[in-house]
A.B. asks: 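I have a structure I would like to understand better, so I am pasting it below and will then ask my questions one at a time.
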Amino acid sequence: MIQKTHRLLITGGAGYIGSHIVMALKDTGASVLVVDNLSTGFRENLHYGDCVVLDLADRDRLNRCFHDFKPDAVLHIAGSIVVPESVRDPITYYYNNTMNSLNVIDACLNNRIGHFLFSSTAAVYGIPPEGICAESAPLCPINPYGHTKAMTERMLADTAEASSLRYVALRYFNVAGAHPSLQLGQRMPDATHLIKIIAQVITQKRASLSVFGTDYPTPDGTCIRDYIHVCDLADAHVRALDWLLSGGKSLTLNCGYSRGFSVNEVIKTAEDLYGPFPVTAADRRPGDPPQLIANADRIRSTLNWTPRYDGLSRIIQSAVEFEKSLL
Ligand code: UFG
């Protein structure tokens with residue numbers, strides 16, 4: 001279990017997901033150090049622990065930081081996360097995700113840090129044949145983003161084989177929503193994620209929503225995703241850390257609710273809550289698989305993880321409430 005005496009270092013802790021994890025760690029009383037270059041993170045997201053502004057590409061400073069803080073565990077959450085951007089600019093993704101992850105793993109080895117939590121993604125699966133993936137499914141990414149994360153998973157597995165490092169790789173499905181306190185949420189005004197954009201349209205910060213592709217091989221022709229509330233995801237991290245710090249073996253775990261919604265179903269749910277808003281059909285977006293749904297049996301049974309914020313309406317409402325708070 002995480003104790004007050006534990007020292008936890010979290011990269012990307014000022015970002016959308018990282019800040020929710022830090023907030024969840026606050027309840028444990030552990031010492032937390034956020035390492036973030038604030039490129040997509042925000043100081044407003046920091047409500048607990050200390051923060052060092054540092055770019056993970058700076059290996060010397062990174063190693064010094066690990067040496068000085070002496071963490072019991074590292075949570076590596078920092079990274080670039082936009083699938084279409086990774087298609088346009090793969091090199092940036094290989095630097096920010098794969099190379100910087102290598103630097104973080106290397107700094108762990110240099111400083112004898114044996115517990116590692118990694119923020120991976122459902123994008124490692126590519127186009128799973130049935131659209132529903134268990135962790136044992138082959139990794140066949142169809143976009144650079146997925147490749148960068150799959151490569152880091154490989155580096156972790158190889159490193160764990162060759163050292164005493166143990167890790168948990170959490171494969172996130174589609175993360176959305178905001179903290180119930182509304183202190184935290186997706187702040188990026190130019191974010192590209194569906195539920196964020198819907199919240200911006202509903203609060204009249206954007207004129208309309210484009211539906212990227214209406215001719216996919218799905219029942220209504222739009223892509224299907226498994227949307228998970230960011231607070232349930234944060235809780236999965238706390239449980240995964242408990243697991244590692246209690247001596248658990250290395251694991252790879254899907255983080256989703258095992259239920260898929262099409263883009264049209266997400267729009268319908270939002271319109272039922274807030275009334276109609278402008279929607280236009282657009283071309284497919286490069287790199288989008290038709291359907292991604294988690295088989296989440298493993299995380300439920302291994303970590304005893306039970307979602308508390310399950311429900312698409314609830315996720316959308318929380319995103320809209322947060323968006324209003326940004327007005
Ligand atoms: N979409 C639209 N219009 C928009 C935005 C999105 O139609 O304006 C569609 C996309 O084409 C896709 C679906 O909504 O079909 C979800 O798209 P998002 O951009 O919200 O999310 P992605 O599925 O592309 O990617 C997210 C994370 C990744 C993660 C992936 C796992 O960004 O890190 O979920 O499913 F890997």
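For ligands, and for the atoms within them, numbers begin at 1 and follow the listed sequence. Here, residue 1 is the first one in the sequence, and each next residue gets the next number.
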A.B. asks: Can you pull out the closest protein heavy atom to atom 29 (C) of ligand 1? Residue, atom name and distance to 0.1 Å, please.
C.D. replies: Thr121 OG1, 3.3 Å
A.B. asks: So if I count the atoms of ligand 1 from 1 in the order they appear, which ones are less than 4.0 Å from some heavy atom of Ile197?
C.D. replies: 8 (O)
A.B. asks: Go through ligand 1 atom by atom and flag the ones less than 4.0 Å from a non-hydrogen atom of Ala123.
C.D. replies: 36 (F)
A.B. asks: Which of the listed options, Ser208, Ala176, Ser210, holds the heavy atom that is closest to atom 3 (N) of ligand 1?
C.D. replies: Ser210
A.B. asks: Heavy atoms only: which of Phe173, Tyr216, Tyr227, Phe261 lies closest to atom 16 (C) of ligand 1?
C.D. replies: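 Going through Phe173, Tyr216, Tyr227, Phe261 one by one, Tyr227 has the nearest heavy atom to atom 16 (C) of ligand 1.
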A.B. asks: Give me the residue, atom name and distance of the protein heavy atom closest to atom 20 (O) of ligand 1.
C.D. replies: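 Protein heavy atom with the smallest distance to atom 20 (O) of ligand 1: Leu194 N, 2.8 Å.
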A.B. asks: Just need the protein heavy atom nearest to atom 19 (O) of ligand 1, so name the residue and atom and give the distance.
C.D. replies: Arg285 NH2, 3.0 Å
A.B. asks: Test salt bridge (charged side-chain N to carboxylate O under 4.0 Å, His left out) on Asp272 and Lys268; report intermediate values, then the result.
C.D. replies: CA-CA 6 Å; Asp272 286 348; Lys268 165 93 174 54; 2.8 Å; yes
A.B. asks: Can you report which non-hydrogen protein atom sits closest to atom 11 (O) of ligand 1, along with the distance?
C.D. replies: Asp288 OD2, 2.6 Å
A.B. asks: Please list, in number order, the atoms of ligand 1 under 4.0 Å from a heavy atom of Val211.
C.D. replies: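 The list of qualifying atoms is 7 (O).
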A.B. asks: Starting from atom 30 (C) of ligand 1, what is the nearest protein heavy atom, named by residue and atom, and what distance separates them?
C.D. replies: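 Ranked first by proximity to atom 30 (C) of ligand 1 is Asn174 OD1, 3.8 Å.
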A.B. asks: With no hydrogens and no angle check, do the side chains of Asn264 and Ser262 hold a donor and an acceptor under 3.5 Å apart?
C.D. replies: no
A.B. asks: Quick check on the 6.0 Å ring-centre criterion: do Tyr227 and His193 meet it?
C.D. replies: no
A.B. asks: For a salt bridge (charged side-chain N to carboxylate O under 4.0 Å, His left out) check, start with the C-alpha distance between Arg61 and Asp55, then their side-chain angles and the critical distance, and finish with the verdict.
C.D. replies: CA-CA 8 Å; Arg61 277 194 69 205; Asp55 195 301; over 6 Å; no
A.B. asks: Can you pull out the closest protein heavy atom to atom 33 (O) of ligand 1? Residue, atom name and distance to 0.1 Å, please.
C.D. replies: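 The closest heavy atom on the protein side is Tyr145 OH, 2.9 Å.
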A.B. asks: When only distance counts, is Ile81 in polar contact with ligand 1, meaning an N/O pair under 3.5 Å?
C.D. replies: yes
A.B. asks: Give, for atom CG of Asn100 and atom OG1 of Thr152, the distance between the pair rounded to the nearest 0.5 Å.
C.D. replies: 9.5 Å
A.B. asks: Drop me the distance from Thr28's OG1 to Ile2's CD1, to the nearest 0.5 angstrom.
C.D. replies: 5.0 Å
A.B. asks: With a 4.0 Å cut-off on N to O distance, would you call Arg64 and Asp60 a salt bridge?
C.D. replies: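 Judged by the 4.0 Å cut-off on N to carboxylate O distance, Arg64 and Asp60 do not form a salt bridge.
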A.B. asks: At what distance, to the nearest 0.5 angstrom, does CZ of Arg154 lie from NE2 of His147?
C.D. replies: 15.0 Å
A.B. asks: May I ask you to identify the nearest protein heavy atom to atom 1 (N) of ligand 1, giving residue, atom name and distance to one decimal place in Å?
C.D. replies: Phe212 CD1, 3.8 Å
A.B. asks: What protein heavy atom lies closest to atom 15 (O) of ligand 1? Include the residue and the distance to one decimal.
C.D. replies: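 Residue, atom and distance for the closest contact: Cys223 CB, 2.9 Å.
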A.B. asks: Are Leu292 and Cys133 packed together at the side-chain level, in the sense that at least one heavy-atom pair is separated by less than 4.5 angstrom?
C.D. replies: yes
A.B. asks: Give the single entry among Arg225, Lys149, His193 that approaches atom 23 (O) of ligand 1 most closely by any heavy atom.
C.D. replies: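 It is Arg225 whose heavy atom sits nearest to atom 23 (O) of ligand 1.
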A.B. asks: Measure the CG-CZ distance between Leu209 and Phe277 for me, rounded to the nearest 0.5 Å.
C.D. replies: 6.0 Å
A.B. asks: Hey, can you pull the donor-acceptor pairs under 3.5 Å for the side chains in residues 319-327, sequence neighbours left out?
C.D. replies:
residue : atom : partner : partner atom : Å
Glu323  : OE1  : Lys196  : NZ           : 2.8
Glu323  : OE2  : Lys205  : NZ           : 2.7
Ser325  : OG   : Phe322  : O            : 2.6

A.B. asks: Hey, which atoms in ligand 1 end up nearer than 4.0 Å to a heavy atom of Thr192?
C.D. replies: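 Result: 5 (C), 19 (O).
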A.B. asks: Using a strict cut-off of 4.0 Å, indicate which atoms of ligand 1 neighbour a heavy atom of Leu292.
C.D. replies: 35 (O)
